[in-house]
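For reference, the structure is listed below as structure tokens.
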Amino acid sequence: MNQTAIEDAKPIERNNSDDPLNDPNYKTVGEVTVPNAAMTTKNVDVYYGDKQAIYNVSLDVGKNEVLAMIGPSGCGKSTFLRCLNRMNDTIDICRIEGDIRLDGEDIYSRNMDVVLLRARVGMVFQKPNPFPKSVYDNVAYGVNLHGLSRSKSDLDDIVEDALKRAGLWDEVSDRLNQPGTGLSGGQQQRLCIARAIAISPEIILMDEPCSALDPIATAKIEELIDELSKHYSICIVTHSMQQAARVSQRTAYFHLGKLIEVGATDIIFTNPSHRLTEGYITGRFG
Amino acid sequence: MTILSILFILFIVAPICMLIALNLAKRDRVLRNHVERVIKTFLIACACLAIFTTIGIVLSVLFESIRFFRVVPITDFLFGLQWSPQMAIREDQVGSSGAFGAVPLFAGTFLITIIAMLVAVPLGLMSAIYLSEYATHKVRSFAKPTLEILAGIPTVVYGFFAALTVAPLIRDNLEVLGFDVSSESALAAGIVMGVMILPFVSSLSDDVINAVPQSLRDGSYGLGATPAETVRRVVLPAALPGIVGSILLAVSRAIGETMIVVMAAGLSANLTANPFESVTTVTVQIVTLLVGDQEFDSPKTLAAFALGLTLFAVTLMLNVIALHVVRKYKEQYE
Amino acid sequence: MDQAALIRRGLTRRYRAEKRFKAYGITAIVSGVTFLVFLLGTTFLNGYTALLQTYIAVDITILDSDFDGDLSSASLSRGDYLGIIKRSLRETFPEATTRKEKAELYKLISSGAQYELLEKVVGNPEFVGHTSMFWLLADDEVDVYMKGRIDPAVPEKNRRLKDRSIAWIEQLRDQDRIKRNFNILFFTNGDSREPEQAGILGAVMGSVFTILVTMLLAFPIGVAAAIYLQEFARKNRFTDLIEVNINNLAAVPSIIFGLLGLAIFLNFFHLPRSVPLVGGMVLALMTLPTIIISSRAALAAVPPSIREAALGVGASPVQTVLHHVLPLAMPGMLTGTIIGLAQALGETAPLLVIGMVAFIVDIPSSPMDPGTALPVQIYLWADSPERAFVERTSAAIMTLLLFLVAVNGLIVLLRRKFERRW
């Protein structure tokens, strides 16, 4: 943690000691920027109709890091995650203000193509959602959409590589032509991860990827996340603090639409600066 | 008048009496049980009426058909190429019976059904897709009820419209292009029937498409697919069994549709695949054979029942398959 | 290889496909809506003129000698009014001399005019012995011409109204002796071979009786069957069979129900042909599945807590259902029934098969009188060659649609008023 961040934090902490949530210009505790950011967000507000869901959030995602977002239900962490690859576009009443940049490009600008954006920012969902197609076709789906393979054998290689990276190849190599929906829950989720990495995204967003899985399957996915962070930047929303502690290098704590605190994971979990973070970590609410 | 009063007593007076009796027997448990047993028997009898109706349909068409097949061999009926019930074509034939080869009717029914489905399936499916995947709330709340109005218009209205407006329109326009079009062309009847079935296909497909979980769409969008790609590559394949079921139900409806073809298709049994010519259908012939004064035992009237039996068997088969497919499909996503 | 560049290369093509796909959807909806507008529009344009009917003013001299006897009501009723009208027409247009010309002249006036004249004279014998102006019902061809639907430019041999008649009509028009009135006959008469005398009241009454019978049968039976299947039936093979049966019956073509009615009600039970009673019975069997299915849905929507509460205070299962569940499910059941009845109201094919297509002039006054129904009347008129029946068919269609709109309005109203979400 650098010095300025802590110095910044203290006066803010004092100013809002009554209730930081009443302050519309609340400033996050901790360093929100990172030196080698894959994605930067500045002053993001999200509205659903008249209701504001996200207040003035700024947060960077570093290259090859795992960033965990935690917070009680309804705190806006998933909403924020879905802003990063414009999944909220599909909701008519959703309005987003602020500045979100991928490699310096504003992703909400006219020049940014949403198809291209989503190819560069992949997503894994809460419930495993393999398409009702074969395992092979599930992984090949994105590759075919974007025309990324030059030949059938090229495609075979991509699919095999993606499945291997997702740690699924050994389990499914003999049943590539069977429906993906026939796999177990954990396998399905890894299939969805393979589907996402088959088109080589720069960032992978994961929205509570283990909430529907049993502990063993969860452990496998967590291992996989660790492995994947060598090649990709990963942004994971989770409601399990243990999981955030296990897989992430940096943790962001959200509360009622505000980003309360960001910091290195070990610090957030051992020595949080903000009393709300501390309250959540110690289990006083959540 | 007696029948009327019997029905009245059975289905209006009796239930009311039972309700009153139930109230009177409030205190006496034995009496109450008796009354309740009577009420339950009445309820069961009413539920069984559905079975009796089916049995009644089967028996009535089957018996008359069997009598018909005694006069006209079943193979002549199913495979004969000539249909002219009005005149005797062989001298040794009994009475005034004519030729009862139903193949031209089957072919005509088939032709008109195909034309109807060519109109109804693309239009119905595309409107369902547009309404469920693209339309804003405002468009949806206007377009959906409007299409449903089409479903509420009585078929006799479509028939009149087909005969009076659409058929001449098609004939005149195609004649300009040098085609020879009958004023009772299969095309006109088929197109109008297609429009009649359109809302049916669209609302059934809409149900089926909406049953596809949103998470599948999200998965596809998350990989960078456009809405059209998502619909074509994920939603439609996932909904395919349900859509096939809906189309089968629509086909069954087209085959059984009567008034449009009675008013807009022809009477003469042409064996042709040319949509510009006039063809006749099974339902048209049933109506033609039965309307007007006729003695009940002539092969002519009995032929109508044989046609009815064929119609019933085919539509029943389609319905059973379709309902089964749709139910299995819905269970999959529950 | 730059992946972003690779993706970008395909984007134009993909977005074009996207636009095309969306355009297909819009086209589909627009064509559906266009067809509807086209259908309703042509029906209205063809039909609204049927609300007006042409009348011709003729000076009619009624002589004592036209009647035998004492000019009592009885003797006045026996008069040859057709002859009187013909004579007056000859006096008005003396230029008609040959037989052909005279025949053409007489055809300006409807054959029904003589009965109107009879009624007026019997009602007011003072007309006898005087010349007075009567407005007489014009023939349908004259009516059609007055509505501008006959083009005088068409070669004479291709139209039924000849040049000479047209000249007479124009002459009458110049003298203000021809006018169009509200066509009250259309709403008060039964069917007729003469378009200008044909009305829809007979068909409307037939439909009313038919639907009444359908309702009285289908509603109690449907509700009872639904109660049994939803509330009492144990899940076993037999109830499964009933259920599959009902679902299939709902999809059986309506004409098959007509065959059922013909074979069972007419030939086996020897009920009379062409009566609304039989029509209503057949339509009741046809609408039963619809009513049962929607009534079951209404019962299923009542939360179990209501049943548990009633059973908990000691009500028997039958009392629970009849006193507590049924009243709550009633709005839904009524809605389902009305939907079924709306279907039955527009149904034609089964009625044709059971003989409700007879030409019946008299207006039925009970479900046992021979009658027809509104949709069947549309079919009959659509089949008639006279040009004037086109507008009447369209007007009958408008009437039928109006009934359906009213029925559907009732459904919306019911839903608004009683709909409850648990």
Side-chain angles (χ1 to χ4, degrees), chain B residues 1 3-4 7 11-12 15 36 39-40 42-44 46-47 49-51 53-54 56-57 60-61 64 123 126-127 129-130 134 143 146-147 149-150 152 154 156-157 160-161 163 165 195 198 226-228 249 252 256 258-259 263 283 286-287 290-291 296 305 308 311-312 315-316 319-320 323, chain C residues 14 17-18 21-22 24-26 28-29 31-33 35-36 39 42 216-217 220-221 224-225 227-229 232 242 245-249 251-253 255-256 259-260 262-264 267 271 277 285 288 316 318-319 322 346 348-349 352-353 357 367-368 375 378-379 382 390 393 397 400 404 408:
Chain B
M1 227 46 195
I3 320 131
L4 200 58
L7 289 175
F11 294 107
I12 309 296
E36 291 195 348
I39 291 179
K40 269 194 181 175
F42 174 76
L43 296 183
I44 294 176
C46 286
L49 196 71
I51 299 238
T53 309
T54 311
I57 289 176
S60 54
V61 288
E64 310 299 344
L123 289 185
M126 281 315 295
S127 6
I129 289 171
Y130 186 82
Y134 286 100
T146 311
L147 288 183
I149 294 178
L150 278 177
V156 68
V157 177
F160 180 62
F161 184 62
T165 311
V195 175
L198 187 162
T226 64
L249 280 179
S252 143
T258 309
M259 290 322 291
M263 294 167 84
T283 48
I286 295 179
V287 170
L290 291 179
V291 167
F296 196 66
F305 282 90
L311 181 64
F312 179 68
T315 52
L316 185 73
N319 295 338
V320 169
L323 290 173
Chain C
R14 287 168 69 189
E18 170 71 28
F21 194 69
K22 204 170 163 182
Y24 292 152
I26 295 175
I29 289 181
S31 38
V33 173
F35 190 94
L36 179 69
L39 191 157
T42 45
L216 290 181
L217 288 177
I221 299 177
I227 292 175
Y228 175 72
L229 292 173
F232 297 115
I242 298 186
N245 217 304
I246 289 171
N247 286 334
N248 279 319
L249 270 185
V252 166
I255 193 168
I256 300 283
L259 291 179
L260 170 78
L262 176 60
I264 305 253
N267 291 322
L271 294 178
L277 172 71
L285 290 181
L288 212 47
S316 73
V318 173
Q319 283 174 324
L322 294 184
T348 321
L352 297 187
V353 175
V357 279
M368 296 299 284
I378 291 169
Y379 165 70
V390 170
T393 314
I397 286 175
L400 180 60
L404 288 173
N408 282 295

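Residue numbers begin at 1 in each chain, while the letters A, B, ... track the order of the sequences. Heavy-atom basis, side chains included; hydrogens, waters and symmetry copies ignored.
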**Item:** Interchain contact, B:Ile39 with chain C, by part (heavy-atom threshold 4.5 Å)
**Value:** side chain
**Message:** Is B:Val320 close to chain C through its backbone or its side chain, or both, or neither, when contacts mean heavy atoms under 4.5 Å?
**Reply:** both
**Request:** Starting at OG1 of C:Thr393, measure out to CZ of B:Phe160 and round the result to the nearest 0.5 Å.
**Result:** 4.5 Å
**Message:** Quick check on the interface: out of C:Ile255, C:Ile378, C:Leu285, C:Leu352, who has the most heavy-atom pairs with chain B under 4.5 Å?
**Reply:** C:Ile255
**Asked** Do you know which of B:Ile44, B:Ile286, B:Leu147 has the most heavy-atom pairs with chain C at a distance under 4.5 angstrom?
**Response** B:Ile44
**Message:** Between C:Ala382, C:Ala224, C:Ala349, who has the most heavy-atom pairs with chain B when the cutoff is under 4.5 Å?
**Reply:** C:Ala224
**Request:** Count the heavy-atom pairs under 4.5 Å between each of C:Leu217, C:Ile264, C:Ile29, C:Val33 and chain B, then report the option with the highest count.
**Result:** C:Ile29
**Fill in**
Cut-off 4.5 Å, heavy atoms of chain B, and the answer for C:Leu322 is side chain
**Message:** Just so I know, are the side chains of B:Ile149 and C:Asn408 near enough to count as touching, which here means a heavy-atom distance under 4.5 Å?
**Reply:** no
**Request:** Under 4.5 Å heavy-atom distance to chain B, tell me which part of C:Ser316 shows up: side chain, backbone, both or neither.
**Result:** both
**Message:** Heavy-atom cut-off 4.5 Å, strictly under: side chain, backbone, both or neither for B:Thr226 against chain C?
**Reply:** both
**Which of B:Thr315, B:Leu150, B:Leu249 touches chain C most, by non-hydrogen pairs under 4.5 Å** = B:Leu150
**Message:** Heavy-atom cut-off 4.5 Å, strictly under: side chain, backbone, both or neither for B:Ile51 against chain C?
**Reply:** both
**Message:** Any non-hydrogen side-chain atom of C:Leu249 less than 4.5 Å from a side-chain atom of B:Ile57?
**Reply:** yes
**Message:** A side-chain contact here means heavy atoms from C-beta on lying under 4.5 Å apart; do C:Pro253 and B:Thr283 qualify?
**Reply:** no
**Item:** C:Phe232, part contacting chain B, at a heavy-atom distance under 4.5 Å
**Value:** side chain
**Complete:** Given C:Leu216, C:Val252, C:Asn248, C:Asn247, the one with more heavy-atom pairs under 4.5 angstrom with chain B than any other is C:Asn248
**Prompt:** Would you call C:Phe21 and B:Met126 a side-chain contact if the rule is heavy atoms closer than 4.5 Å?
**Reply:** yes
**Request:** Locate the shortest heavy-atom distance separating C:Tyr228 from B:Ala47; write the atom from each residue and the value.
**Result:** CD2-CB, 3.7 Å
**chain C contact via B:Phe312 - side chain, backbone, both or neither, heavy atoms under 4.5 Å** = both
**Prompt:** When rounded to the nearest 0.5 angstrom, what distance separates CD1 in C:Ile221 from CG in B:Leu49?
**Reply:** 5.0 Å
**Prompt:** Highest number of heavy-atom pairs under 4.5 Å with chain C: which of B:Val61, B:Leu123, B:Val156?
**Reply:** B:Val156
**Item:** Atom pair CD/CG of B:Glu64 and C:Asn267 - distance to nearest 0.5 Å
**Value:** 6.5 Å
**Request:** Please tell me if the side chains of C:Ile26 and B:Tyr134 come closer than 4.5 Å, counting only heavy atoms from C-beta onward.
**Result:** no
**Item:** Part of C:Leu404 within contact of chain B (heavy atom distance under 4.5 Å)
**Value:** side chain
**Item:** Side chain proximity check, C:Leu39 to B:Val195, heavy atoms < 4.5 angstrom
**Value:** no
**Message:** Any heavy-atom pair between the side chains of B:Thr258 and C:Thr348 that's under 4.5 Å?
**Reply:** no
**Complete:** Closest heavy-atom pair, C:Leu259 versus B:Phe305, reported as atoms and distance to 0.1 Å, is O-CE2, 3.7 Å
**Complete:** Rounded to the nearest 0.5 angstrom, the CG-OG1 distance for C:Leu260 and B:Thr53 is 7.0 Å
**Asked** Where is the tightest heavy-atom contact between C:Ala263 and B:Ser60, given as atom of each residue plus distance?
**Response** CB-CB, 3.3 Å
**Fill in**
Scanning both residues in full, the closest heavy-atom pair of C:Ile246 with B:Ala50 reads CG1-CB, 3.6 Å
**Message:** Give me the atom names and distance for the closest heavy-atom approach of C:Gly346 to B:Pro154.
**Reply:** O-CB, 3.5 Å
